[in-house]
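Worksheet for the structure shown next.
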Amino acid sequence: MAVLRQEVGPGEAGLDPDALERLDRELARRVDDGEMPGFLVAVARAGRVAHLTAYGARDLAAGLPVESDTLWRIYSMTKPVTTVGALMLVEDGLLSLDDEVGRHLPAFAEPRVYLDGSGDQVRTRPAAGPLLVRHLVTHTAGLTFAFYHAHPVDALYRAAGLDSSVAPGTDLAGTTDVYASLPLQFDPGTRWNYSVATNVLGRIVEVVSGRPLDVYLAERVFRPLGMEDAGFEVTDAQAGRLAELYGETDDGGIEPIDGLPLRGRPRFLSGSGGMVASAHDMHRFMELLRRRGELDGTRLLRPETVAMMTRNHLPGGADLRTVGVPPHDDPGNEGVGFGLGVSVVVDPSRTREPSGPGAYGWSGVATTTFWVDPGRDLTVQFYTQVRPRSSHTVYRDLKRLVHEALTD
């Protein structure tokens, strides 16, 4: 079993130990105040871990502490991993970002866009152009999530039983067929809406590779990178290291809630949010990206592909606020664009949190996040297991305090 370890002192890596202590104190305060059960945070420069702190509990009732080898439900941090898997197929010549989705998934061959109405009275029109694979990886496909309550198409997703993005009783193939039966919010490539698109991408990976998504990612990504605990299920040997999942209560506390069904292979393999991983696993994945597609002599992607993945692809070079539909058109998205499966900072002067130009990464709904800052040769990852009622404020403090620690 591989475990993440601190490799170098903060000062040697250009980090201020006092500032890192402030970071740990702020995160520990949140645990002590009952906002989080525990956390793990790791900061690395030039690929070497220079700060690693585990604090609090991975399971409050059992009294089990967070440890370096704790396993986390990373939810939407699965999306960049699925995207890397798809880009490997592009490099293999088996897939193109400009392929029509309908070429691989015929149910998407004739996409339609919502006009008006509800229930049985919905009116649609043909999409102005085809739905392409690149629209899936940039979340400009016009797909959505049922839980937004911001657009009539969201309600159609709920009516189709997609509250958890899974059509009841189906696998990935069946669920993507249900997505295809519903109208798009907008013409592909014109706006940005975070959505179930990466589940559709995961299904394309299955069709093109001829393998289930979990098998393909294990063979092509996890094993080559030494991501020993990463996957879509937890074995008996791993189960004791899995952190309990919590949700926020009305009084600001937390309580255990049901999470991903990880014991036994799931029927629905979610390329959008189905993974579990350790901090060591995600450090290896971040290093692959930081090193532009190669790690320890193993190359999964060409440098040009990683460069393409980590630059802004939004229409006209806009940021998420400009082209995002509600609820994404809020000030917190200013200065942030979107690449292929990851957000990308395009204007640090306009971002809510301190950021370096070109920094990229993504987060998960259980309050997990990672980012890579190429200009500072910095990688950061953070984990707890709390599904908040709204956006968790810990990210803002995390970024501020990490950037205060940089001395060069």
Find out whether P224 and L300 are in side-chain contact, i.e. whether some heavy atom of one side chain is under 4.5 Å from a heavy atom of the other. yes

Pair F186 + H151: ring centers closer than 6.0 Å: no

Give the intermediate values and the outcome of salt bridge (charged side-chain N to carboxylate O under 4.0 Å, His left out) for residues D187 and R112. CA-CA 8 Å; D187 287 310; R112 299 187 67 84; over 6 Å; no

Lys/Arg-Asp/Glu bridge criterion (N-O < 4.0 Å) met for E35, R30: yes

Within 6.0 angstrom of E7 CD, more than 12 heavy atoms from elsewhere: yes

With the threshold set at 4.0 Å, does a side-chain nitrogen-carboxylate oxygen contact exist between E67 and R58? yes

Between CG on residue L320 and NE2 on residue H139, distance to nearest 0.5 Å: 10.5 Å

Answer with yes or no whether the side chains of Y194 and T144 bring together a donor and an acceptor at under 3.5 Å. no

Is there a donor-acceptor pair under 3.5 Å between the side chain of D99 and the backbone N or O of S96? yes

Determine the interplanar angle of the F147 and F145 rings, folded into 0 to 90°, and report it as parallel if under 30°, tilted if 30 to 60°, perpendicular if over 60°. parallel

Is the F39-Y383 ring centre distance short of 6.0 angstrom? no

Flag the pair D92 and R220 as a salt bridge only when some basic side-chain nitrogen lies within less than 4.0 angstrom of an acidic carboxylate oxygen. yes

Assess the residue pair E334 and R321 against the criterion (salt bridge (charged side-chain N to carboxylate O under 4.0 Å, His left out)); give the C-alpha distance rounded to whole Å, side-chain angles, the decisive distance to 0.1 Å, and a yes or no. CA-CA 5 Å; E334 287 187 349; R321 186 182 189 190; 2.4 Å; yes

Using atom types as modelled and distance alone, determine if a side-chain donor or acceptor of Y114 lies under 3.5 Å from a backbone N or O of G117. yes

Are any side-chain N or O atoms of N193 and backbone N or O atoms of A141, one a donor and one an acceptor, separated by less than 3.5 Å? no

Is the shortest side-chain heavy-atom distance between Y246 and D59 below 4.5 Å? yes

I'd like to know if D116 and R123 make a salt bridge, using a cut-off of under 4.0 Å between side-chain N and carboxylate O. yes

CA sep, side-chain torsions, deciding dist, call: R45, D408, salt bridge (charged side-chain N to carboxylate O under 4.0 Å, His left out): CA-CA 11 Å; R45 300 292 299 278; D408 59 17; 2.9 Å; yes

Least distance between heavy atoms, V221 atom then M227 atom: CG1-SD, 4.3 Å

Side-chain contact, heavy-atom cut-off 4.5 Å: L52 with S68? yes

Taking the side chain as every heavy atom from C-beta outward, state whether M77 and M282 have any pair of such atoms under 4.5 Å apart. yes

Within 6.0 Å of CD in Q121, more than 12 heavy atoms from elsewhere: no

Go through the steps for R376 and H403 under the test side-chain contact (heavy atoms from CB on, under 4.5 Å), then give the verdict. CA-CA 10 Å; R376 295 175 170 86; H403 280 264; 4.0 Å; yes

Quick check: are there more than 12 heavy atoms from other residues, nucleotides or ligands sitting under 6.0 Å from CG of D120? no

dist D154:CG -> L162:CG (nearest 0.5 Å) comes out at 11.0 Å

A quick test of your reading: do over 12 heavy atoms of other residues, nucleotides or ligands sit less than 6.0 Å from CZ of R292? no

Mark yes or no for whether T198, through its side chain, and L201, through its backbone, hold a donor-acceptor pair below 3.5 Å. no

Identify the two heavy atoms, one from H283 and one from A44, that lie closest to each other, and give their separation to 0.1 Å. CE1-CB, 4.2 Å

OG1 of T384 to CD1 of I254, rounded to nearest 0.5 Å, is 7.0 Å

Check this for me: does any side-chain nitrogen of one of R25 and D32 sit under 4.0 Å from a carboxylate oxygen of the other? no

Please check if atom CG in D258 has more than 12 non-hydrogen atoms from other residues, nucleotides or ligands closer than 6.0 Å. no

What about the rings of W371 and F382, do their centers lie closer together than 6.0 Å? no

I would like to know whether V81 and F285 meet side-chain contact (heavy atoms from CB on, under 4.5 Å); could you show each step before the answer? CA-CA 8 Å; V81 180; F285 182 75; 3.9 Å; yes

Taking atom OG of S343 and atom CG of D319, what is their separation to the nearest 0.5 Å? 12.0 Å

Ignoring hydrogens and angles, state whether a donor on the side chain of D281 or S278 is under 3.5 Å from an acceptor on the partner side chain. yes

Kindly indicate, with the supporting measurements, whether the criterion side chain to side chain donor-acceptor pair (under 3.5 Å) is fulfilled by D296 and T298. CA-CA 6 Å; D296 295 343; T298 297; over 6 Å; no

CA sep, side-chain torsions, deciding dist, call: R311, M308, side-chain contact (heavy atoms from CB on, under 4.5 Å): CA-CA 6 Å; R311 69 169 181 258; M308 176 179 65; 3.9 Å; yes

Spacing of L242 atom CG and T70 atom OG1 [to the nearest 0.5 Å]: 9.0 Å

Under 3.5 Å donor-acceptor, T175 side chain and D171 backbone: yes

Would you mind checking if D98 and R103 are paired as a salt bridge, meaning a charged N to carboxylate O distance below 4.0 Å? no

Using 4.0 Å as the upper bound for N to carboxylate O, is an ion pair formed by R284 and E287? no

E91/T305 under side-chain contact (heavy atoms from CB on, under 4.5 Å): CA gap, chis, key distance, verdict: CA-CA 8 Å; E91 289 197 354; T305 299; 2.5 Å; yes

Do R267 side-chain atoms and G169 backbone N/O form a donor-acceptor pair below 3.5 Å? yes

Between R302 and E304 (side chain of the first, backbone of the second, donor and acceptor by atom type, cut-off under 3.5 Å), is there such a pair? no

Could you tell me which non-hydrogen atom of P168 sits nearest to which non-hydrogen atom of G161, and how far apart they are? CD-O, 3.4 Å

Close side-chain approach of T407 to D16, heavy-atom, < 4.5 Å: yes

Specify the closest pair of heavy atoms between V31 and G38, including all atoms of both residues, with the distance to one decimal. CG2-CA, 3.8 Å

Testing the basics here: between L172 and G202, what is the closest heavy-atom pair and its distance to 0.1 Å? CD2-C, 3.8 Å

Lys/Arg N to Asp/Glu carboxylate O, R263 vs D236, below 4.0 Å: yes

N/O donor-acceptor pair under 3.5 Å between E248 side chain and R389 backbone: yes

Do the non-hydrogen side-chain atoms of V207 and L105 ever get within less than 4.5 Å of each other? yes

Side-chain contact, heavy-atom cut-off 4.5 Å: L289 with V84? yes

Are the side chains of D24 and V41 in contact, using a 4.5 Å heavy-atom criterion? yes

Quick one: does R73's side chain have a donor or acceptor within less than 3.5 Å of a partner on A243's backbone? yes

To check you understand the geometry: which heavy-atom pair defines the closest contact between L87 and L340, and what is its length? CD2-CD1, 4.1 Å

Classify the ring geometry of F338 against W192: parallel below 30°, tilted from 30° to 60°, perpendicular beyond 60°. tilted

Output yes when a side-chain donor or acceptor of K79 lies under 3.5 Å from a complementary backbone atom of S272, and no otherwise. yes

